[in-house]
Structure formats: C-alpha cells, structure tokens
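In what follows, a structure is listed as structure tokens, so that the remarks can point back to it.
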Amino acid sequence: MGTLDKAYDAHAVEDRWYKRWEDSGAFRGEVREEAEPYCIMIPPPNVTGMLHMGHILNNTLQDIFIRRARLEGKSALWFPGMDHAGIATQTRVERRLREEGLHRRDLGREKFVDEVWKWREEHGGIILQQLRKIGASCDWSRTSFTLDKDYSRAVLTAFVELYKRGYLYRGLRMSNWCPVSQTALSNEEVVMKPQQGLLYKMRYELVEKPGEHLLISTTRPETLMGDVAVAVHPEDERYRDLVGKHVWRPFPRARIPIIADEAVEIEFGTGALKVTPAHDAIDFEIGQRHGLPIIDVFHPDGTLNESAGAPFVGMDRLEARKVAAKKLEELGNLVETEPYENKVGFSERADVPVEPRLTMQWWLRYPKVEEARRAVEKGHIRFHPQRWAKTYLHWLETMERDKIDWCISRQLWWGHRIPVWYRKGIPREELDFDNPDHVHVSVDGPPDPENWEQEEDVLDTWASSWLWPFANFGWPGSDPVKKRELAYFYPTQTLVTGFDIIFLWVARMVMAGLELTGETREVLPDAEISRRIPFRDVYITGLIRDAKGQKMSKSLGNSPDPLDLIKRFGADGLRFGIVNIAPSGQDILFSEERIEVGRNFCNKLWNAARFRKMSGPSEDTSTEGTILERIDPALLSAYDHWILDRLVEVHSEVERCFERFEIHAYPHALYEFFWSDYCDWYVEASKTRMKDPATQETVLAVQDFVLRQVLRLLEPIIPFITEELWQSLGFSRSGETFLQDAGVLRAVSCRDLLENRIGTIDPSSRAEVENLKDLTTRIRALKAQYNVASRRDLSFWILPDGKAGEAVLERHRETLLNLAQIETLRMVSERPEGMPAGVTALGTVFLDLAQAIDVAAERERLEKEIGKLEKGIRAGEAKLNNPKFVDKAPEAVVDGAREQLEMTRSRFEEIQNLLESLPEA
RNA sequence: GGGGGAUUAGCUCAGUUGGUUAGAGCGCAUGCAUGACACGCAUGAGGUCACUGGUUCAACUCCAGUAUCUCCCACCA
C-alpha cells in the first residue's frame, strides 16, 4: 500500500475514473433476464441547454438511484438524450442568421432546417458532455434525440394513430399566440405574471341618446379598434334599458351594439365590457354567442394592421396602447386612468406577453384521462413526496371537467412536421376531413405526393417528448432486439423531475403510455394500467434558489456555474453537498458555504483512509471473508461491537432512505455514522489498541471492514472518491474492475456475515460506549472549564458507580486516558473534597487540581445542573404518580420513565453531595 | 376564487406509526498542532417547537380555528 496525499485532490481522480468507466462500458444497460430491470429515462435537456444547478440536483439524484440499483444487482439503465426544443433552438439559429442580415424566409424551409442541424452539430448537446463531469452514469451508447429518424417515426406514428382514433382535429380557435416566436403555444407554456399597468375608464357615446355616454373600463385600449360590441350583465339594473341600443366606437368611428351576456362581472369596473372577439378569449366566446364579427387588428408579430386604421398601422402593440390612450383623451373619451395590477400571460420561452389570437391549429383531446387518474389514485404510480399527486390529479380533473384540449401545432420549421397532406387545389377551408381524397394522414405520406401539400406546421416539442419512455425503445417498430428491451425495461422505474413540468410532461407521458402501448382499447382495467404506465415512481425535486430565496436567473447573476463549483469542490463534493441540503420536495436555498460540507466530507473520508493506510499494511482486503479472518473475536472491545452494530444499523437506514425515497436523509445518515461515530469516536478510541501488537490486527481489520462497507454505501452519491479509495485500499476482488461490481450488502447480510465470524454483536456495547463517551466528554469539559484543556499531565479521580462501573472503567482505562488526554485516572472509594467534579453513569469524576478551585463558579455550574435535574424529577414523578399513565401507557414506556426517574434522582443526589462538599466561599 | 405547502436554535433544515430532559450542519464564543484530516480537533452558549383551543395518561407530532409567508391553478376586462 502506498500513501495518500494529505488532502483529497478531486481533479486528479475524477476525469481518470470517468474515462475508465465509460471506456469499459460500465454504464451499459442491457437485458439480463435473470436480473430485475431498473430503468430511468433522463428528462431530456434542451439541445440548446447549458448545465445549471437544477440539472446538478436532478441528475445527481438520478445517478444516485441508478448506481444504487446497479449495486443491488439490478440491470440498471439510465437512458440519456436530448430534446430538439422547437422554439428555443429555432430562435437561437434565427438570431444567428439575423446577425448576417438574413431571415429564415430568405433561406426557405429546407435550407433553414439544414442550418439548424448544422448548429446542432457544432453547438448542441454541450450539456451531455457536462453531465459526464458530475459523474452521470448514463448509457451513452444509447444517446437519443427527439428528431432522430427512429424517434421521429414514433412521433408521427403516434400522431397518425391518435388521428385514426379520433383524438385529433384541426380547428379555428382562440389560442395563445407568441408574437416573437410567431407561433401558437399551449396553455402550459404560458406563465401568468402580475403586471403594473393602468385601468382606463373610457366613455362611449350612445347612438340613440347623443350626449349621453356609457362608461367602460379596459386595460387594453390598443384593441378598441377591434371592438364589435359592448356587453353588460343581463341582470345589471343600471344598464337594462340600454341593451339593444348602440354606442359609437370612437375610432375607427362605428356603431356597435350593446348586448347582455352573463360572462360580464357586474362588480368589476363600470360593469360594461368592451367586446373584442379577436383578442380576448372571453370576448371571443361572447362574440360566438351573439354572432358578432371578428376584427383582428394585429399582425402576427404584434404590430397593428390595416384594420386598426391610421395612425396605428405598423405600430407595436405597447406603443399603440399609449397612442390610443392619448387619442381617447384628445377626443374626450378618456375619463380617468388609475394604476392597476393585473395578471398577463407571458410566453415562457420568449418572455413577452402572449396574444389571445384566433388561428387555425391542431388540437388533441387528451386520451385516457380517466385511467391516468386511476394510475395515481390506485398507487400504480407513486409520487414522492406524495402530495404532488394532488397537483397532478387536480390538473387532470380540470382537463376533464373543462374539456381542455392541447394545442399541438406550432408555426415553426424546426420540429416534426405534421404528417397530414391536403389535396392540392382545394381551398383549406373547404376540405372535408372525412374524405380521403381531400386529406391524407400517414407516416410515409401519400403515394402521389405531387398532388398534395403537406401541412406546414410542426408539432409541439412536448408532443414528441411525451413518448420518451417507449419511443426510445423502438416503439412502434418491429426490431426484435428493441421489442425485447421494451418488454424488459418498460414500465421504467423512477422518473426524477421538477414540479414545474408535472403537467407539461409527466401527466402527458402517462396518458401516452396508457393510450399507445399495448393493443388499442377504449377502457383499461387496472392490471392493464399497471403494465402500460411509463414509470412507477416519480421523484419530484425542489427548485434551487439563491441564499435569499430568489429564483436563479441569468439576469440576476445569482446563478453559479456548476463547472466552476466542480473545480473548487470536486464533483463528489458538489453532489454530496447539493443532496445534503435538498429537503424533500421543498425549494433549496443554495449557497456555496453549504456545498463546502460535501467537499469537507470527502476530505474526511480521504483522510480516514489515509490514516488507515499509514497505520499498517494488511494482507488481503479484497473480500469480507479475508478481512474478517484477521479478527480475533476474543480481542474485540465494546467499541468494536458498538461500531459494527452501528454499521449494520446504517445499512438499514440507507435501505430505508431508498425505499421511502427520502434521499436527503441518505447522506445525513452516512455523515453522522462516518464522521461522528467512526472517525470521532471509533478511530480515536482504537488508537491505543492499534499500538498494541496483540490487538493491532483485529482493530485494523475492523477498520477495513467498516471502510469497505461504507465505500459501497457511499458510491451512489460520491462515486469518484469511493472508487479511488476502493482501489487504493485493495478492496477490489480479482476479476472485478470497479466498485460498482462489488455490489452492496443488505443490513441483514452484513449482520450475518459479521456474526458468523465474531458471534453475536453484543447489544450492551451500545450503552457501555455511550457511558464511556459521556465520561470522556465530562472530563474534557472539566478541563476546558478550568482552562487546562491543553494539558496532558493532569490526574483525575473517579468514584465509580458500583462494581459494574468499576469493571468498565478498568477495561477501558487506557483508551479513556488517551481519549480525554489525561495522565491518570485514579479510582477512589471516598468522595474527595475541594475538587471540581462531574457526574456520569459510570461514576463521579474529579479534577485533581493543584491550585484552589473557583468555588463560586463550581457552585454555579452545579446548581444550574441541579435545576435541570429537578425539573426532570418533577416531570417524572408527576407522570408516574398519575395512575392513568401507569395503567394505560405501554409497559415499556412506563418502565422507561421509572428508569429515567431513578437515574435522574441518583444524579441529583450525587450533585447535592458535591455541593455540600464544596468548601465555603 | 379554488387548491397545495410552510412556520422548530442567529441561518438552513431533521424530528419515524403521539412516549425519556427536542437534534444536525453552518455561524458564533473559547481553547488546541493530540501518531489521518485547520476542508481539522475539543468544549460551550443558543429553542415560549407561530398562536388559540380540542382529543389523549401523554402533543413539536393528531384535529379545528387564527395569523404570517409561499407556490400552483382559474376568463374579473
């Protein structure tokens, strides 16, 4: 065994191991019929994406799940890939063209799409390289892209199938229009943002009663040129007489009717609503009900068109708002304006207000909504934390109740072009969709393409990624290898994602799986649901915010560069740190100091291993068996039993964390065990026995055993350093290349293995060690209180608590002296006077000070302690004197209370004795 | 308007199905080169568990209400 450097140097380790893992195919996931499958589908990052903290958290968690599964012997597959990200990518390339003074129209569709592919080759998918830096153990040989040939075929097949089954239709409806991207968006891609604006109160003159006016409130005067009516509530007394009459729209000046419609809120504003069917969803509905015309005053890019009239034509909508208000004022139509905050829908991608706009789009009626609900209600799919199931269910209910459909067409070029062909020569509005001579829908297109025109629109990116869990296994193809893989890995096991895409992605994947995998069926029984769902567990991560709780964003500059963090803290440090601070399902407040914990832990691990190496060689550490053989059970102390007991316990804690998806508790459990129990107490306590040749080998073997198990438990979260130490400590069995091949022991197996060699792990060792720790701490505290913490030549006296205490003290004397850093511990049978003392379960210790003690300080300290004990005694007595407690509480609890009281009383008495023995001040 | 979540030490959070005297990390104070680790070691200070009721032998934990903060959904222009 060589030696290790003083501090862990992540860089020297990480790239080297990653390359070896990847080169040797360690992450390859394949069908192994004898093994249980465990598959995770990566939430495909955008091809334009760059690694941010959210990715770190999300992908570290996935890596933890997949690595743990691998250690458990499952056939683990983490399927990586990317999303073509229609709008984001197209926008990116358009921006580049604009720098050259070009527009995509200048190139034409085909050339433009070529440009995007070129961009993708050069700049796309950086994130997949970055993921390697954090150690993501994806099966890169499978890296998928939603526009790959096979994947595209799956997307088109899904479209055609759903069309055949009647879920798809084309319709002229109100949709969300992004004037920057110039495409429709689904409701889920629109985020509502509160906006500070103005509420304009305007007056429109009554046609039938010149000189009289109707007051109307609006936040959008720029659309009034598209007004075709004014609506009031039918039961609004104020306006009852006016219904059926008309007002003058100020510009372009026109008579428009006053109508009654229940959609109008009597309480809001003046109770009169200007109706602009082309630019507002409610207005559109009102318009439909009353047979009103539709006047669109906007161009697709959000500037005003000819219908708006002078001077508005060509003006941007926000500019037009100001101009319209000014014009209203000049005409005397503006009564007042007041500051007003309302919520405006913004395009998630382009971050500009969307326009409700009447356009022809493709719509999807969601399939298998009822089954998607049942899948979660009946527990076929489990959310972690569970409460997110409510969010999911709530959304589905809204979809069902309000019959909300999904707008899946996009007016873009980058994406899957909708596989629908229209007969040339027939105007689109005259097409009969039931006539195959008019409309052709198929994956490969019509046999006589010259007679058809393909639909120009492409599909929403989510309408491709919702097939992710099965399209990646070759669905619907007939390749036998892929079919076998689909059968083996699907349903996948765990999905790790953020709550923000529960609607956008999670729910839709469930519906797609239910509808499209397996035979076409109208209604699915539970057993079938269980077979068709895309995943069984959904782990929802929190959002990473900065230390002040603000969202991370480029504009705020509060978003750290993960690669920089990796440089400074190591990939393992960052992984450990981020998971360590991630509470379950809550937002995470990030600060660098909190990541330091991870780096420090790695360094601690490193140094514990380093210390082990410096302490002496060992024959063979490559199996548990050879390590355990070196232990002489007769030489094991309470400390050994205790640490091995705790080791078994931490195995079951880790198991519980994974079973319950409480992943944040997983690093906590190991941190506590390794740092506090193993390093601070076990290793420190063993130092004495490591010096003794008789016990040395046994102690080192225990250390080897603990380290070996701990590395296996830690591998999922800190794979690099554990691999490095695994190899360096000689733990690798011949024939096994990596730590991951060694598997992990279940707690029960770990216990069996140990007990086969050393006999039953002594259950009383726990209490014994706790008592010794307490005594050690008391001694150290006394030293600190008397400012002699650094002296090692001090003598302590101890009045043992009975024979048992005496025996324990005798057994551990040397260890105790070393742990407490004192010269001698002398047993006495009488309480010495005039010495500062501490009371423990093993006896009362006294600090033998040459100088006089500070009686006042000592008295104060003891009185403070006695105060606490008094409280405990009172509480205990009250409890035990209550017959109801003694009757009703479980025996163990009552016994526990009795024991507790007894202990508190004896300690109380002992302290009272000490107080009495204090000399007068 | 509907729904979710939160409220525990200065900060960020744990706290199992109710059961001893409520924990951790960071920060803070004090001391320390002790056969690995200053990315360290030791000791310590610091808490009316938001509030009010209820259930119970027993409530940080369960129930109801109040307050404050937060997120999601929804067509008040």
Side-chain angles (χ1 to χ4, degrees), chain A residues 4 6-8 192 199 216-220 231 263-269 272-276 280-285 342-343 356 385 387-388 390-391 394-395 398 402 499-500 502-503 543 547 549 569 573 580-581 583 585-589 591 593-594 596-615 656 660 662 664-665 668 671-672 676 679-680 683-684 687 690-691 777 780-785 787-790 792 818-819 821 868-869 871-872 875-876 879 882-890 892-894 896-901 903-904:
Chain A
L4 298 175
K6 189 170 170 183
Y8 172 55
M192 300 306 278
L199 188 61
I216 301 162
S217 299
T218 183
T219 52
R220 302 201 61 191
V264 179
E265 294 284 331
I266 296 178
E267 302 299 321
F268 186 85
L273 167 73
K274 74 186 204 54
V275 181
T276 325
D280 186 279
I282 312 170
D283 293 11
F284 176 72
E285 282 168 27
N342 66 342
K343 295 220 169 149
R387 69 185 138 85
W388 290 108
K390 289 184 191 164
T391 306
H394 191 256
W395 183 76
T398 315
D402 300 344
F499 56 81
D500 49 334
I502 288 178
F503 313 140
L543 208 70
F569 301 114
N580 193 47
I581 63 171
Q586 277 179 66
D587 287 354
I588 297 132
L589 301 193
S591 70
E593 296 84 69
R594 305 188 67 192
E596 283 176 14
V597 175
R599 179 200 54 182
N600 295 354
F601 181 75
C602 290
N603 191 242
K604 191 70 180 178
L605 186 63
W606 182 261
N607 272 286
R610 178 168 180 252
F611 180 64
R612 167 62 193 87
K613 280 194 143 190
M614 290 164 69
S615 305
R656 202 166 52 230
R660 299 187 182 179
E662 289 168 359
H664 63 286
H668 283 283
Y671 185 98
E672 163 88 6
S676 309
C679 290
D680 289 349
V683 172
E684 290 304 322
K687 280 179 178 169
M690 283 160 66
K691 276 181 255 178
T777 302
R780 288 168 178 169
L782 283 170
K783 288 174 72 181
Q785 274 148 22
N787 298 318
V788 287
S790 51
R792 308 213 221 153
N818 194 45
L819 282 175
Q821 292 291 315
K868 274 192 213 157
L869 293 171
K871 254 170 82 180
K879 204 185 274 184
N882 182 346
K884 286 183 184 167
F885 170 70
V886 182
D887 284 356
K888 293 197 181 179
V893 173
V894 178
R898 283 213 181 92
E899 235 170 82
Q900 169 74 20
L901 179 60
M903 230 169 69
T904 314

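Heavy atoms only: backbone and side chains are in, while hydrogens, waters and symmetry mates are out. Numbers restart at 1 for each chain; the letters A, B, ... are given by sequence-line order, proteins then strands.
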Give A/D283 one of three labels, base, sugar-phosphate or nothing, depending on what nucleic acid heavy atoms sit under 4.0 Å from its own. nothing
Do side-chain atoms of A/K604 reach the backbone of A/C679 as a donor and acceptor pair under 3.5 angstrom? no
How long is the line joining CD1 of A/I502 and P of B/G3, in whole Å? 18 Å
Please give, in whole Å, the distance from B/U30 P to A/L782 CG? 21 Å
The nucleotide from B/C39, B/A77, B/G25 with an atom nearest the side chain of A/F268 is B/A77
Quick one: closest heavy-atom pair of A/A784 and A/A789, and the distance? CA-CB, 4.1 Å
Contacts of A/I282 meeting side chain to side chain contact (heavy atoms under 4.5 Å, CB included) (sequence neighbours excluded), chain-then-number -> A/A263, A/D280, A/I286
Can you tell me, in whole Å, how much space there is between the C1' of B/G19 and that of B/U61? 11 Å
Measuring only the C1' atom in each nucleotide, how far is B/G18 from B/A59? A whole number of Å is fine. 6 Å
Can you check the A/K868 NZ to B/G46 C1' distance for me, whole Å? 12 Å
From B/G40, B/C73, B/A77, nucleotide with atom closest to A/K604 side chain: B/G40
Which one, B/C73, B/A38, B/G40, comes nearest to the side chain of A/N600? B/G40
Which whole-number value in Å describes the distance from A/Q821 CD to B/C41 P? 15 Å
Nearest to the side chain of A/I282, heavy atoms from C-beta on, is which of B/G19, B/A77, B/C75? B/C75
Mind checking if A/S217 touches a base, just sugar-phosphate, or nothing, with heavy atoms under 4.0 Å? base
Just jot down the salt bridge (Lys or Arg N to Asp or Glu O under 4.0 Å) partners of A/E662, sequence neighbours excluded, or say none. none
From A/L589, A/V597, A/I588, residue fulfilling side chain to side chain contact (heavy atoms under 4.5 Å, CB included) relative to A/I581: A/I588
C1' spacing across the pair B/U48 / B/C32, given as an integer number of angstrom: 37 Å
Start at the 5' end of RNA chain B and walk down; is the nucleotide closest to A/R656 or to A/E596 reached first? A/R656
Please work out if A/A608 contacts a base, only the sugar-phosphate, or nothing of the nucleic acid, heavy-atom cut-off 4.0 Å. base
Considering every strand and a 4.0 Å limit on heavy-atom distances, what is the contact class for A/C679: base, sugar-phosphate, or nothing? base
Between B/C39, B/U43, B/A36, which nucleotide has the shortest distance from any of its atoms to the side chain of A/A784? B/U43
Scan A/V264 against the nucleic acid and name what it touches under 4.0 Å (heavy atoms): base, sugar-phosphate only, or nothing. base
Taken to the nearest whole Å, CZ/A/R780 to P/B/A42 is 6 Å
Suppose you measure atom P in B/U16 against the same atom in B/A50; what distance do you get, rounded to whole Å? 14 Å
Which residues pass the ring-ring contact (aromatic ring centres under 6.0 Å, His included) test with A/F503, sequence neighbours left out? A/W395
Check: protein-nucleotides 4-13 of chain B nitrogen or oxygen pairs below 3.5 Å:
| residue | atom | partner | partner atom | Å |
| --- | --- | --- | --- | --- |
| B/U12 | O2' | A/R594 | NH1 | 2.6 |
| B/U12 | O2' | A/R594 | NH2 | 2.5 |

Output the rounded distance in Å from CD (A/E684) to P (B/U43). 11 Å
Which residues pass the salt bridge (Lys or Arg N to Asp or Glu O under 4.0 Å) test with A/K274, sequence neighbours left out? A/D227
Nearest-nucleotide check on RNA chain B, A/E662 vs A/F611; residue mapping nearer the 5' end is A/E662
Give me the distances for all protein-to-nucleotides 57-61 of chain B N/O pairs that come in under 3.5 Å?
| residue | atom | partner | partner atom | Å |
| --- | --- | --- | --- | --- |
| B/C57 | OP1 | A/K888 | NZ | 2.1 |
| B/C57 | O2' | A/N882 | ND2 | 3.0 |

Between B/G25 and B/A36, how far apart are the C1' atoms? Round to whole Å, please. 22 Å
For B/U43 and A/T777 - does any side-chain N or O of the residue sit under 4.0 Å from the phosphate oxygens OP1/OP2? yes
A/R599 meets the side-chain hydrogen bond (donor to acceptor under 3.5 Å, both in side chains) criterion, sequence neighbours left out, with none
Qualifying residues under salt bridge (Lys or Arg N to Asp or Glu O under 4.0 Å), relative to A/R898, sequence neighbours excluded: A/D895
Minimum-distance nucleotide to A/A789 side chain [options: B/G25, B/G31, B/G44]: B/G31
In whole angstrom, give me the gap between the C1' atoms of B/G40 and B/G3. 49 Å
Sticking with atom P, work out how far B/C39 lies from B/C26, rounded to a whole angstrom. 13 Å
Expressed as a whole number of Å, how far does the C1' atom of B/A38 sit from that of B/C71? 42 Å
In Å, rounded to the nearest 0.5 Å, how long is the span from CG of A/N603 to CZ of A/F569? 13.0 Å
A/D680 CG - B/U43 C1' separation (whole Å): 13 Å
Which stems, defined as runs of 3 or more consecutive Watson-Crick or G-U wobble pairs with both pairing distances under 3.5 Å, involve RNA chain B? B:1-7 with B:67-73, B:10-13 with B:23-26, B:28-32 with B:40-44, B:50-54 with B:62-66
Can you check the A/I266 CD1 to B/G1 C1' distance for me, whole Å? 17 Å
When every non-hydrogen atom of A/M192 is compared with those of A/K343, the smallest separation belongs to CE-O, 3.9 Å
Using a heavy-atom cut-off of 4.0 Å across all strands, would you classify A/K687 as base, sugar-phosphate, or nothing? base
Partner set under salt bridge (Lys or Arg N to Asp or Glu O under 4.0 Å) for A/K879, not counting sequence neighbours: none
Excluding sequence neighbours, so at least two apart, what forms ring-ring contact (aromatic ring centres under 6.0 Å, His included) with A/Y8? A/W606
Counting any heavy atom closer than 4.0 Å, what does A/V597 reach on the DNA or RNA strands: base, sugar-phosphate only, or nothing? sugar-phosphate
Residue-phosphate contact under 4.0 Å: A/K343 side-chain N/O, B/C76 OP1/OP2: no
Taking any heavy-atom pair under 4.0 Å as a contact, classify A/F503: base, sugar-phosphate, or nothing. sugar-phosphate
Name all residues meeting the side-chain hydrogen bond (donor to acceptor under 3.5 Å, both in side chains) criterion together with A/K687; count only those two or more places apart in sequence or in a different chain, and write none if there are none. A/E684
Euclidean distance, A/N342 CG relative to A/T219 OG1, rounded to 0.5 Å: 5.0 Å
